[in-house]
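Report on one structure; see the data block that follows.
This structure is a prediction, so every number in the text was calculated from the model and none was measured.
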Amino acid sequence: MAEIRWQKSSFSGSNEGGSCVELATGGAGAGLRHLRESDDPGVVLALDAEKLRSLLLAVKAGEFDHLA
């Protein structure tokens, strides 16, 4: 199985231990993108590219703001 290499969001700042969103490709399931929150790294969303794109567009549009 290919190793998953996580990339930290550039908007997360440089402080270690701070909350951030991380994105990765690789691992089991070719073609999947992996998304996780750094403060709970055991919970990972695995999405194909189109579903990840839809999720990111919805977040940017504020569709989940009422959950905050």
Side-chain angles (χ1 to χ4, degrees):
M1 178 183 345
E3 178 183 346
I4 294 178
R5 295 180 188 243
W6 293 99
Q7 180 177 350
K8 182 178 174 180
S9 168
S10 61
F11 291 100
S12 297
S14 60
N15 62 332
E16 289 296 320
S19 295
C20 67
V21 174
E22 298 173 317
L23 185 65
T25 58
L32 293 179
R33 294 353 182 228
H34 308 281
L35 183 69
R36 72 180 182 183
E37 178 69 32
S38 63
D39 61 353
D40 194 2
V43 177
V44 177
L45 293 176
L47 307 162
D48 64 36
E50 185 57 35
K51 288 184 178 143
L52 177 60
R53 180 181 181 278
S54 296
L55 173 64
L56 294 176
L57 289 173
V59 169
K60 287 181 180 182
E63 294 184 26
F64 304 105
D65 288 355
H66 67 282
L67 300 173

* **Pair Leu55-Leu35, side chain to side chain contact (heavy atoms under 4.5 Å, CB included): steps then yes or no** => CA-CA 11 Å; Leu55 173 64; Leu35 183 69; 3.8 Å; yes
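When all heavy atoms are compared, the tightest approach of Arg36 to Glu22 is NE-OE1, 2.5 Å.
There is a path of hydrophobic side-chain contacts, each under 4.5 Å, that joins Leu67 to Leu56. Using a 4.5 Å cut-off between side-chain heavy atoms of Ile, Leu, Val, Met, Phe, Trp and Tyr, with links allowed through other members, Leu52 and Leu57 fall into different hydrophobic clusters. Placement of Val59 and Leu45 within a single hydrophobic cluster is found when ILVMFWY residues are connected by side-chain heavy-atom separations under 4.5 Å, directly or transitively.
The CG atom of Leu47 lies 8.0 Å from the CG atom of Leu32; values are rounded to the nearest 0.5 Å.
For Glu50, the side chain to side chain contact (heavy atoms under 4.5 Å, CB included) partners at least two apart in sequence or on another chain are Asp48, Arg53, Ser54.
Looking at His34 and Leu23, their side chains never come closer than 4.5 Å, going by heavy atoms from C-beta outward.
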